[in-house]
Amino acid sequence: FGFEPIVGTTYHLYRERDALVLSLIEPSKWKKKFVASMKLSADHQWEAVEVAEDFDLHHYIAHFTEA
């Protein structure tokens with residue numbers, strides 16, 4: 001990211017070309033392709049709050065950790 005995420009804050013992931021972008025801008029206020037809303041927990045783990053129906057978060061995580 002280009003910033004330090006704050007614990008307890010919900011961020012939104014958007015797909016931009018072949019990358020994912022993390023933002024504070026809510027999906028209803030931005031026209032980018034929404035992927036998921038994630039919250040950073042106190043133990044610095046990301047928790048899914050909402051995931052777009054057409055995005056397989058588990059597949060993405062599995063693929064990401066293999067790379």
Side-chain angles (χ1 to χ4, degrees):
F1 332 118
F3 59 93
E4 182 71 29
I6 299 169
V7 171
T9 301
T10 299
Y11 295 90
H12 310 285
L13 283 173
Y14 298 93
R15 181 170 303 281
E16 188 173 89
R17 296 182 204 95
D18 293 332
L20 293 177
V21 177
L22 186 66
S23 175
L24 284 169
I25 300 172
E26 296 177 20
S28 63
K29 299 187 189 296
W30 212 9
K31 299 299 179 198
K32 293 192 181 284
K33 173 70 174 151
F34 172 73
V35 173
S37 292
M38 309 292 288
K39 186 174 187 177
L40 186 60
S41 68
D43 61 353
H44 292 271
Q45 297 295 311
W46 288 101
E47 301 170 0
V49 175
E50 180 183 355
V51 179
E53 289 183 23
D54 61 346
F55 183 73
D56 186 345
L57 183 60
H58 296 289
H59 176 76
Y60 177 79
I61 291 170
H63 178 72
F64 180 78
T65 56
E66 290 174 0

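Numbers here are sequence positions counted from 1.
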Joint hydrophobic cluster, V21 plus V51, side-chain heavy atoms closer than 4.5 Å
no

Could you note down all residue pairs passing salt bridge (Lys or Arg N to Asp or Glu O under 4.0 Å) where residues 8-19 supplies at least one of them, sequence neighbours left out?
E16-K32

Gap between atom OG of S28 and atom CZ of F34 - 0.5 Å precision:
10.5 Å

Looking at residues at least two apart in the chain, or sitting in another chain, which of them share a side chain to side chain donor-acceptor pair (under 3.5 Å) with K33?
D54

Under the side-chain contact (heavy atoms from CB on, under 4.5 Å) rule, collect the residues that match up with D43, sequence neighbours excluded.
S41, Q45

Indicate if L24 and W30 have the same hydrophobic cluster label, given that clusters are the connected sets of ILVMFWY residues with side-chain heavy-atom separations under 4.5 angstrom.
no

Give the table of side-chain donor-acceptor pairs shorter than 3.5 Å for residues 5-14, with sequence neighbours excluded, one pair per line with atom names and distance.
{"unit_1": "T9", "atom_1": "OG1", "unit_2": "I6", "atom_2": "O", "d": "3.3"}
{"unit_1": "Y11", "atom_1": "OH", "unit_2": "I6", "atom_2": "N", "d": "2.7"}
{"unit_1": "H12", "atom_1": "ND1", "unit_2": "S37", "atom_2": "OG", "d": "2.7"}
{"unit_1": "Y14", "atom_1": "OH", "unit_2": "I25", "atom_2": "O", "d": "2.5"}
{"unit_1": "Y14", "atom_1": "OH", "unit_2": "E26", "atom_2": "O", "d": "3.4"}

First locate atom CG of L22, then atom CH2 of W46, and finally report the distance between them rounded to the nearest 0.5 Å.
5.0 Å

